[in-house]
Amino acid sequence: MNYFANLKKKEIRIIAEADAIEKEKLNEVASFFGPFIHDINRTYIVKKAFEEMDNAFSSEDLAVLNSTQKDINRLAMNYLFSFRTYIDHWETYIKRLWKSDYTYLKKFKDVTASEYDNCMGYRITYRLRNYVQHCDIPISRAVGSIIKGGKAKRKVYVNRSRLINEFKEWKKEEEDYLQKQDEYFEILPLFYDAKEALLRIQEKLIQHRINEQFIQKCIEALEIIKKHDIKDGNLAIIEYFDKSGKSIEIKNEKDLMNAQMSIYGEIPRALCEEILRQYVKNQKFIKLFKGCGIIQPHIKDGLPIIDITQEITKIFPGSKYVNINGNEWQRVYESMSLLSDIPREYTSIYTDAGFKYEETRKIIDTFKRILDVLP
């Protein structure tokens, strides 16, 4: 027997029975998000490796301070290998599964090249991984001391001459940078910059996936969740089995205690909501908001000037997300409703937006559905 269930961190709440068609539908919607969630989680390993390394490098705990230089090098090497693995896995994934979308591979090459050109921490970390693989351990010195309050502090250094002399793959800009450093210099700031560069790469590659089809799937998923009145946690299908593996119906608490279960078709509610809130900030909506009078130009030297950043701040005060229940959004909704009912109003209200009527109508319909599913 299949049941709709509300999954929370420490609780599973059975909502209602689910027939085969409902199970199939939920699985279809949920399976769409599976690869996307996998991509979002790609940074987990490298962030975890950095966190463990950073704790050992920067901890004020005396017990951590007593860790040996071998342990410090092990943590640094874990980070370096996870850093390079992250880059290699993304590229392989795109080449293997997105062959028909050449723009995705181009996006990958563009964003990684941008970090390579503009972030020395990214370049040094990228190259240092090759040094570790082919030459030697990275950390040359770890200096610890006791600071105020009996706490510990450690600084971790690499040796400039050893890196330059033992490794011949440094590019000119990288070697010039190293030559300007002290003979022993701290490496953690460069590692930190490299980690931040990976997060920027991750964000841009993830955003490339969020197209109109993805937005419609988020709306569809939240419509299903709203139907079952779920305001916290995720929606999924649970099927219960007896010890022989036969699907069974749960009639009482005893049946539940003796049963085994499988979870299918989990819909990531919070993820879908966040994506929709960010999506409403795109340029298509901003253009329409201008037409609705929500974003007004100010006059400078007799000409209308619109500072998009400043005006968006007015619409989204105090939050990085959209306040979907604010008065401004209600005005947008009402103006868009007017347009959907009276096509001729397009000319007078939305001429400046630059959209044809059908495209405008599509944007409005999407916006209305978003309003309906967001809490």
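Just so it is clear, the values below take in all heavy atoms, side chains as well, and ignore hydrogens, waters and symmetry mates.
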(Q) For the residue pair Arg84 and Tyr126, would you count it as a cation-pi contact if the rule is NZ or CZ under 6.0 angstrom from the ring centre and within 45 degrees of the ring axis? (A)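 Geometry flag: set, cation within 6.0 Å and 45°.
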
Q. Is the NZ or CZ atom of Arg42 positioned over Tyr93's six-membered ring, under 6.0 angstrom from the centre and within 45° of the axis?
A. yes

Q. Under the criterion side chain to side chain contact (heavy atoms under 4.5 Å, CB included), which of Thr43, Ile87, Thr112 is the partner of Leu198?
A. Ile87

Q.
Can you confirm whether the side chains of Glu183 and Asn159 place a donor and an acceptor under 3.5 Å from each other?
A.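 There is such a pair (donor and acceptor under 3.5 Å, judged by atom type) between the side chains of Glu183 and Asn159.
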
Is [X] salt-bridged to [Y], going by a charged N under 4.0 Å from an acidic O?
X      : Y      : value
Glu220 : Lys217 : yes
Asp372 : Lys226 : yes
Lys172 : Asp176 : yes

(Q) For the backbone of Arg269 and the side chain of Asn234, can you confirm whether one donor and one acceptor N or O come within less than 3.5 Å of each other? (A)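 Side chain of Asn234 to backbone of Arg269, a donor-acceptor pair under 3.5 Å: yes, one is there.
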
Q. Just by modelled atom types, is the Tyr79 backbone N or O under 3.5 Å from a matching donor or acceptor in the Ser82 side chain?
A.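 Confirmed, Ser82 side chain pairs with Tyr79 backbone.
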
Q. Does Phe50 have its ring centroid less than 6.0 Å away from the ring centroid of Phe83?
A. no

Q. Are there more than 12 heavy atoms of other residues, nucleotides or ligands under 6.0 Å from atom NZ of Lys8?
A.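 Yes.
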
Q. Linking Ile, Leu, Val, Met, Phe, Trp and Tyr by side-chain heavy atoms under 4.5 Å, what else ends up with Ile45?
A.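 Via sub-4.5 Å side-chain contacts, Ile45 links to Tyr44.
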
Q. Can you say whether the rings of Tyr104 and His208 are parallel (under 30°), tilted (30 to 60°) or perpendicular (over 60°)?
A.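 If you compare the ring of Tyr104 with that of His208, the planes turn out parallel.
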
Q | Which residues share a ring pair (Phe, Tyr, Trp, His ring centres under 6.0 Å) with Tyr157, sequence neighbours left out | A | none

Q: In sequence, state the C-alpha distance, the side-chain angles, and the governing distance for Arg200 and Val111, and then conclude on side-chain contact (heavy atoms from CB on, under 4.5 Å).
A: CA-CA 8 Å; Arg200 291 192 292 269; Val111 298; over 6 Å; no

